[in-house]
Undergrad: 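Structure below; questions to follow.
Counting begins at 1 with the first residue of the sequence.
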Amino acid sequence: MDQLGNVSLRNLFLRHVAQTSPSPPMLEVERAEGVFLYDTSSKRYFDFISGISVSNVGHRHPYVIAAIQDQLNRYLHVMVYGEFIQNPQIKLATKLANILPYPLDSVYFVNSGSEAVEGAIKLAKRITNRTEIVSFTNAYHGSSHGALSVMGNEFFKQAYRPLLPDVRILPYNKEPELEHITLRTACVIVETFQGEAGVLIPNFDWLRNLRKRCNQTGTLLILDEIQTGFGRTGTMFAFEQAKIVPDILLIAKGMGGGLPIGAFIASRNHMQHLMHDPVLGHITTFGGNALCCAAALATLEVILTENLIEHVEEKETLIRSLLIHPEILEIRGKGLLLAVEFGSVERSLAVMTNCFQLGLITDWFLFADTCLRISPPLTITLEQLREACAIFIQAIEESSTITIDSGK
Ligand SMILES: Cc1ncc(COP(=O)(O)O)c(C=O)c1O
């Protein structure tokens with residue numbers, strides 16, 4: 001165990017790093033490589049969650065590291081967003097515009113998913129001159145005030161009210177309720193597949209009808225692909241599977257290959273509203289940071305050149321064929337964003353704890369603590385998946401039900 005003076009890092013972590021739960025797992029990370037994390041005693045852990053859907057190309061992918069090193073030798077921060085021409089930013093925006101369908105060709109870079117949500121909601125209000133925002137039950141869009149306002153879970157919101165006014169929460173994946181989207185509604189914000197709800201895939205007809213309803217009412221459709229993007233569900237973005245195109249797309253997490261970056265993307269026509277009345281309609285110091293853009297461009301190139309998306313379905317099939325156990329009630333989700341349902345919080349937490357002990361990192365979901373998360377790097381090999389799934393099954397068999405204060 002590492003020490004600073006006479007005090008262990010664990011003690012200093014608890015004393016000086018702000019805590020948000022009473023019992024964090026406190027893995028003392030020494031290094032990370034590919035699909036593995038190593039602690040300070042050199043114990044190896046399978047990363048079965050990719051730092052919550054971030055490390056899609058694995059930890060420290062050599063191509064991403066080389067791009068970061070190259071940019072390090074040129075410049076880091078030079079100016080606040082949108083003023084200077086910075087090569088990595090332009091290359092990344094152009095690449096994103098090229099892979100996205102019409103009319104998504106204008107990229108506003110931010111630092112996180114929540115910030116992308118904030119920017120998109122502001123943009124929708126400006127374009128439509130309306131104020132009502134519609135979101136859905138069990139939606140998770142982040143933790144800042146605007147993002148919290150559109151969260152579909154009162155437990156995590158109530159202590160922070162008043163939040164944004166004029167937010168209407170509709171049931172996810174329920175057809176008749178779409179009537180509540182009206183000429184008053186500025187935007188609908190929705191996760192294409194819900195992540196923190198425990199991975200819920202909606203009926204694609206419902207998503208298409210949602211798109212239609214937005215068209216009828218002049219409401220902007222904001223698709224949150226912050227967790228589902230960059231190949232995680234078997235296509236670059238999940239909306240491709242439903243055959244719809246959003247007015248505003250939100251991305252972050254897996255985008256940066258381990259560095260913090262996000263974006264909201266719309267048509268250039270729409271985005272131009274941020275230029276006037278008032279000018280500088282959305283401002284960020286670090287959004288589009290050159291180092292993060294260089295990492296994100298390299299990450300996107302890795303996903304494309306290594307054909308990572310092509311193998312996602314095969315890997316999902318393998319996981320489903322290996323994780324068969326009487327205690328597993330169901331496996332929900334798509335591609336490499338899966339929820340293993342145990343039907344009881346005691347069992348899911350006991351299995352999670354045992355997985356840790358056996359060298360595999362998994363986690364529960366914010367709004368679904370009876371199931372465990374499987375979202376490994378897309379680079380995981382079939383052999384590694386077999387080994388990781390064997391650990392998962394062993395963890396189920398060897399875990400007795402223990403009571404843990406999850407604190408989340
Ligand atoms: C679907 C979705 N939207 C938004 C966010 C917020 O992203 P961030 O934590 O980068 O602010 C998350 C984070 O988990 C998410 O899963």
Side-chain angles (χ1 to χ4, degrees), residues 21-29 32-53 55 58-59 195-201 232 311-408:
S21 77
S23 50
M26 301 231 284
L27 182 91
E28 211 168 313
V29 183
E33 203 78 47
V35 299
F36 297 112
L37 263 58
Y38 299 86
D39 72 10
T40 43
S41 64
S42 297
K43 179 173 168 185
R44 192 192 76 170
Y45 296 82
F46 271 103
D47 184 355
F48 232 24
I49 55 175
S50 303
I52 313 296
S53 302
S55 314
H59 295 275
E196 294 310 308
V199 195
L200 303 183
I201 314 281
R232 182 141 297 281
H311 301 285
V312 167
E313 194 180 327
E314 183 188 9
K315 289 173 185 174
E316 176 193 351
T317 307
L318 181 64
I319 294 172
R320 287 183 181 277
S321 73
L322 295 171
L323 293 189
I324 293 172
H325 188 278
E327 283 210 60
I328 296 178
L329 306 184
E330 113 178 271
I331 299 180
R332 286 188 301 275
K334 185 84 203 296
L336 291 176
L337 184 59
L338 301 172
V340 180
E341 182 60 69
F342 291 94
S344 120
V345 61
E346 287 76 22
R347 285 307 296 147
S348 68
L349 291 183
V351 174
M352 183 182 89
T353 306
N354 222 24
C355 279
F356 251 86
Q357 273 154 17
L358 293 169
L360 183 139
I361 299 168
T362 175
D363 198 5
W364 45 292
F365 297 85
L366 198 58
F367 308 145
D369 53 11
T370 58
C371 49
L372 291 179
R373 187 188 300 262
I374 295 189
S375 53
L378 311 188
T379 49
I380 195 166
T381 65
L382 297 180
E383 208 38 56
Q384 288 167 335
L385 265 183
R386 280 192 197 94
E387 201 186 327
C389 288
I391 294 175
F392 200 93
I393 293 289
Q394 187 188 348
I396 298 173
E397 285 178 348
E398 290 179 2
S399 63
S400 52
T401 299
I402 45 177
T403 309
I404 298 163
D405 177 7
S406 66
K408 278 197 202 169

Undergrad: Carefully, step by step, assess Arg373 and Glu196 under the rule salt bridge (charged side-chain N to carboxylate O under 4.0 Å, His left out).
TA: CA-CA 10 Å; Arg373 187 188 300 262; Glu196 294 310 308; 2.9 Å; yes
Undergrad: State the OG1-NE2 distance between Thr381 and His311, to the nearest 0.5 angstrom.
TA: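 If we round to the nearest 0.5 Å, Thr381:OG1 and His311:NE2 are 12.0 Å apart.
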Undergrad: Determine whether a donor-acceptor pair (N or O, by modelled atom type, separation under 3.5 Å) exists between the side chain of Lys43 and the backbone of Gln357.
TA: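 Looks like yes, one N/O pair under 3.5 Å.
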Undergrad: Do Arg320 and Leu338 come close enough that some side-chain heavy atom pair is under 4.5 Å?
TA: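 The answer is yes, as the side chains (C-beta and beyond) meet within the 4.5 Å cut-off.
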Undergrad: Drop me the distance from Ile328's CD1 to Ile393's CD1, to the nearest 0.5 angstrom.
TA: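 One finds 4.5 Å between CD1 of Ile328 and CD1 of Ile393.
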Undergrad: Within the structure provided, determine whether Pro377 and Ser50 are in side-chain contact (heavy-atom separation under 4.5 Å).
TA: yes
Undergrad: Show the numbers, then the answer: is there a side-chain contact (heavy atoms from CB on, under 4.5 Å) between Leu200 and Arg332?
TA: CA-CA 7 Å; Leu200 303 183; Arg332 286 188 301 275; 4.0 Å; yes
Undergrad: Can you tell me how far apart OG1 (Thr362) and CD1 (Ile49) are? Round to the nearest 0.5 Å.
TA: 6.5 Å
Undergrad: Can you check whether Leu336's main-chain N or O pairs, donor with acceptor, with Lys315's side chain at less than 3.5 Å?
TA: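 Side chain of Lys315 to backbone of Leu336: no pair is present.
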Undergrad: Looking only at heavy atoms, which two atoms of Lys334 and Ile201 are closest? And how far apart?
TA: CB-CD1, 3.7 Å
Undergrad: Compare all side-chain heavy atoms of Ser399 with those of Arg347 and state whether any distance is below 4.5 angstrom.
TA: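 SC-SC contact between Ser399 and Arg347 confirmed.
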Undergrad: For residues Tyr45 and Tyr38, establish whether the separation of their ring centroids is below 6.0 Å.
TA: no
Undergrad: Does the side-chain contact (heavy atoms from CB on, under 4.5 Å) test come out yes or no for Leu349 and Asp369, once each step is laid out?
TA: CA-CA 8 Å; Leu349 291 183; Asp369 53 11; 5.8 Å; no
Undergrad: CZ/Phe356 to CG/Leu27 distance, rounded to the nearest 0.5 angstrom?
TA: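 Those atoms lie 6.0 Å apart.
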Undergrad: Measuring from atom CZ of Phe48 to atom CG of Asp363, what distance do you get when rounded to the nearest 0.5 angstrom?
TA: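 Those atoms lie 13.5 Å apart.
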Undergrad: Mind listing the closest non-hydrogen atom pair of Ser53 and Leu337 along with its distance?
TA: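 Result for this residue pair: OG-CD1, 4.0 Å.
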Undergrad: Taking the side chain as every heavy atom from C-beta outward, state whether Phe365 and Cys371 have any pair of such atoms under 4.5 Å apart.
TA: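 The answer is yes; the side chains approach within 4.5 Å.
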Undergrad: Are any non-hydrogen side-chain atoms of Glu398 and Leu358 less than 4.5 angstrom apart?
TA: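 When only atoms from C-beta onward are counted, Leu358 and Glu398 do touch, with a gap below 4.5 Å.
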Undergrad: Hey, what do you get for SG (Cys355) to CD1 (Ile391), rounding to the nearest 0.5 Å?
TA: 8.0 Å
Undergrad: Please determine whether the number of non-hydrogen atoms from other residues, nucleotides or ligands lying under 6.0 Å from atom CD of Glu313 exceeds 12.
TA: no
Undergrad: Out of Leu323, Leu318, Ile319, which residue meets the side-chain contact (heavy atoms from CB on, under 4.5 Å) rule with Ser321?
TA: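 When side-chain contact (heavy atoms from CB on, under 4.5 Å) is applied between Ser321 and each of Leu323, Leu318, Ile319, only Leu318 qualifies.
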Undergrad: Can you run down the ring-ring contact (aromatic ring centres under 6.0 Å, His included) pairs that involve residues 319-350, sequence neighbours left out, and say none if there aren't any?
TA: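 Output for this query is empty, none listed.
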